[in-house]
Amino acid sequence: MEVKTEITPKKKMVKLYGTKQEIAYIFGVNVKTLANDLTAMRRLPEFSGYVLNVGHKRVNISVKGYEEYLQYLAREQQEKQFW
């Protein structure tokens with residue numbers, strides 16, 4: 001008697017948070033550049049909630065939050081060019 005085991009494909013899960021290395025890889029930035037951006041994000045009230053300090057030397061960053069921060073920087077840069 002043969003027992004057939006059926007492997008079902010895994011569902012794709014969207015990652016909500018990532019480490020510094022993961023976020024740097026996703027957005028193609030240097031880790032040190034990301035660290036500077038995270039410092040700036042922590043100082044801005046509208047972006048501080050996207051950076052989670054989960055322990056000593058452990059930080060999780062919202063993928064969507066970092067993308068919104070980059071869009072914010074782009075808008076700020078465009079506004080500076082018009083003045």
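All residue numbers refer to positions in the sequence shown, counting from 1. Here the structure is a predicted model, which is why all the values come from computation and not from measurement. Computation of the quantities below employed the complete heavy-atom set of this structure, encompassing side-chain atoms and omitting hydrogens, waters and symmetry-equivalent molecules.
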message: Ignoring hydrogens, what is the shortest heavy-atom contact between Val54 and Val59? Give both atom names and the distance.
response: CG2-N, 4.5 Å
- prompt: Taking the six-membered ring for Trp, are the ring centroids of Tyr50 and Tyr69 within less than 6.0 Å of each other?
  reply: no
query: At what distance, to the nearest 0.5 angstrom, does CG of Asn53 lie from CZ of Arg42?
result: 4.5 Å
- prompt: Got a second to check how far Ile61's CD1 is from Ile26's CD1, nearest 0.5 Å?
  reply: 9.5 Å
Joint hydrophobic cluster, Tyr25 plus Val63, side-chain heavy atoms closer than 4.5 Å: no
query: Can you tell me how far CD of Glu46 sits from CE of Met41, rounded to the nearest 0.5 angstrom?
result: 10.0 Å
- prompt: Rounded to the nearest 0.5 Å, how far does CG of Leu70 lie from CZ of Arg75?
  reply: 11.0 Å
field: Approximate separation, where rounding is to 0.5 Å, of Glu22 CD and Tyr17 OH
entry: 14.0 Å
Shared hydrophobic cluster, Ile23 / Leu44 (ILVMFWY, side-chain heavy atoms < 4.5 Å): yes
- request: May I ask whether Val31 and Val51 are part of the same hydrophobic cluster, defined by side-chain heavy atoms of I, L, V, M, F, W, Y residues being less than 4.5 angstrom apart, directly or through others?
  value: no
- prompt: How many angstroms lie between atom OG1 of Thr19 and atom CD of Gln21, to the nearest 0.5 angstrom?
  reply: 4.5 Å
- prompt: Would Phe27 and Leu34 count as a side-chain contact (heavy atoms from CB on, under 4.5 Å) if you check the C-alpha gap in whole Å, the side-chain angles of each, and the deciding distance to 0.1 Å?
  reply: CA-CA 9 Å; Phe27 289 97; Leu34 177 64; over 6 Å; no
